[in-house]
Amino acid sequence: MSNAKYIFVTGGVTSSLGKGIISASLAKLLQARGYKVTIQKFDPYINVDPGTLNPYEHGECYVTNDGAETDLDLGHYERFLNVPTSQANNVTTGRVYQTVINKERDGEYLGKTVQVIPHITDEIKRRIQILGENGEYEIVITEIGGTVGDIESLPYIESIRQMIWEMGGSCLVIHLTLIPYLTATGELKTKPTQHSVKTLLEYGVQPDILVCRTSHSLNADIRRKIALFCNVNVNAVMESIDAETIYDVPLMMLKEQLDKVVLNKLKLNLKQEPDMEQWKDFLGKLKNPVSEVRIGLVGKYIELKDAYKSIAESFIHAGVANECRVSLEWIHSENIDDVNVADKLEGLHGILVAPGFGDRGIEGKISAIKYVRENNIPFFGVCLGMQCAVIEFARNVLGMKDAHSTEMNPDTKYPVIDLMNEQKKITAKGGTMRLGEYACVLTKGTRTHQVYGKSKVSERHRHRYEFNNKYLSKYEDEGMIASGINPDTGLVEIIELKNHPWFIGTQFHPEYKSTVENPHPLFVKFVKATMEHSRNPVVENKILAENFTTRN
Ligand code: GLN
């Protein structure tokens, strides 16, 4: 058995209380004290991973370096900790059952009845301990998705109970709960929390720490009352008041001494006071921007902002790097056409066309790109956004009428975006895209090369379609160049326009790699270009040729 310590974070009363942010904030504080920490999430649904889910269901699907399609909370973990996660950091009930059923078919349990206890719970416990086993991490924080009392999360709570029994002082349970405020009586109510803890106790789990989400501050009396009813120390009742930004939460938890209480309970050394200087500097700049830009995010899942979580967060990081507030305008691509595009994009200093799948909203994205290309407004296309830029250029500059991606129109005469060769024989949908990190060589003399300041990068992918190299020379002749290419396959990973202030499209997702500590250069420089545009819009293409020379 490993020496790592295990912290479990469960949720009570209601979902969406922000277990992911609390877990990430605690991890940040422990990391800032000098501990090696990782966070994993268990999701109690039956899908093997969230890759097959519509973003309307659970928001964005986040992709790790090793190509795991995961819950968006892993994005928070990486953005807070600046440490990459992997497949082992996100496990679903589907994956647990799939492993157990495969073992059963292989005869590993021969003669036995395979049951939730012990077989499913053993598999859950094995997956909790994978991250603590090889000495890489001293503390593993495991967030259990859903709310205590859900039928689906029962095997997880039972696994926690068993681990506490088996490992005693190496485990700790934090229960995140809600203290609602009744406006009519002006009171905070503790009863739902009492009930939620009672439910946990029925399953044999006593929480060590309660983190209470609230809109109003908890006074000493309320803290004492909660402590008394829930068998926890008063100093283990933490307030988590609604924050202005998620990046406030680590410092709020520091004030509540969450890190200290956790370390004391786990009998771990407090080491140094958390070094949060860089974090505070980031927050200071976030809250006191010197300038402001308006950037349009053109996509089709606009109703649910979580669908573009990593992009929105990357803009926050990039804004801070430029000491500029990025005000994102969410624009539904289904509502844009060639006639209204000028109105829809009016006053914006740049647009980002979002990733996506399928036909819905495509023509609106293409209209928006035509407009910003022709009007010298900074453009950034991510994955499908890049593919739309390629389609737009074919149709409106290269004279290839009706050019398209074969994803939207399999019979197009000009398949400028086409299914990748290795995808042609794939029929299964789960985990079969081109996923995870791939190398990309940048062409010297291009804007992209300038942005990154190096010649080789590695970025994360999630797609089946790709630029069709058959047309590359036609594009390059007219000024759309391939500025990033995969060295092993020759796939075009980045395109840019020569005579434009800032027009870049990436086949990969740079947003998955942007963190508080390391804002992504493409986002940073794109925001810089929008700031430039807000001060000094470029009207004529010829001005640009003087500022920027492309290769050869
Ligand atoms: N639908 C496109 C593809 O599969 C783009 C995917 C994306 O934007 N993530 O290639």
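All heavy atoms count here, side chains included; hydrogens, waters and symmetry mates do not. In listed order, ligands and their atoms are each counted from 1.
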[atom] - nearest protein heavy atom and its distance:
| atom | value |
| --- | --- |
| atom 9 (N) of ligand 1 | R462 O, 2.9 Å |
| atom 10 (O) of ligand 1 | Y465 N, 2.8 Å |
| atom 4 (O) of ligand 1 | R464 N, 3.0 Å |
| atom 7 (C) of ligand 1 | C383 SG, 2.9 Å |
| atom 1 (N) of ligand 1 | E407 OE1, 2.7 Å |

| query | With only distance considered, is Q387 within less than 3.5 Å of ligand 1 through an N or O on each side? | reply |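 The answer is yes, given that Q387 and ligand 1 share an N or O pair closer than 3.5 Å.
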| So, H449 versus S455: side-chain donor-acceptor pair below 3.5 Å or not? |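 H449 vs S455: donor-acceptor pair found between side chains.
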| request: Look at the rings of Y475 and F467 and say which category their plane angle falls in: under 30° parallel, 30 to 60° tilted, over 60° perpendicular. | output: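 If you compare the ring of Y475 with that of F467, the planes turn out perpendicular.
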| said: Which label fits Y247 and F282: parallel for a plane angle under 30°, tilted from 30 to 60°, or perpendicular past 60°? | reply: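 Taking F282 first and then Y247, their aromatic rings stand perpendicular (interplane angle over 60°).
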| message | Just to be sure I'm reading this right: ignoring hydrogens, which of S405, G381, G356 gets closest to atom 5 (C) of ligand 1? Compare them by their nearest heavy atoms. | response |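 Going through S405, G381, G356 one by one, G356 has the nearest heavy atom to atom 5 (C) of ligand 1.
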| task | Establish, yes or no, whether the cationic atom of K525 lies under 6.0 Å from the six-membered ring centre of W502 and within 45° of the ring axis. | result |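 Verdict for W502: no cation-pi partner in K525.
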| Under 4.0 Å from any heavy atom of F357, which atoms of ligand 1 are there? |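 Listed by number with element, the hits are 1 (N), 4 (O), 6 (C), 7 (C), 9 (N).
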| message | Quick check on H509 - does any of its heavy atoms sit under 4.0 Å from an atom of ligand 1? | response |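 H509: in contact with ligand 1 (<4.0 Å).
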| query | Can you tell me if M433 has a non-hydrogen atom under 4.0 Å from ligand 1? | reply |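 No, M433 has no heavy atoms under 4.0 Å from ligand 1.
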| Between R373 and E392, is any pair of side-chain heavy atoms under 4.5 Å apart? |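 Yes. Closest side-chain heavy atoms under 4.5 Å.
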| Can you name the closest pair of heavy atoms from I141 and S23 and give their distance? |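 Reported closest heavy-atom pair: CD1-O, 3.8 Å.
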| said: Applying salt bridge (charged side-chain N to carboxylate O under 4.0 Å, His left out) to E123 and R127, what does each step give before you reach the verdict? | reply: CA-CA 6 Å; E123 178 59 18; R127 287 184 179 266; 2.7 Å; yes
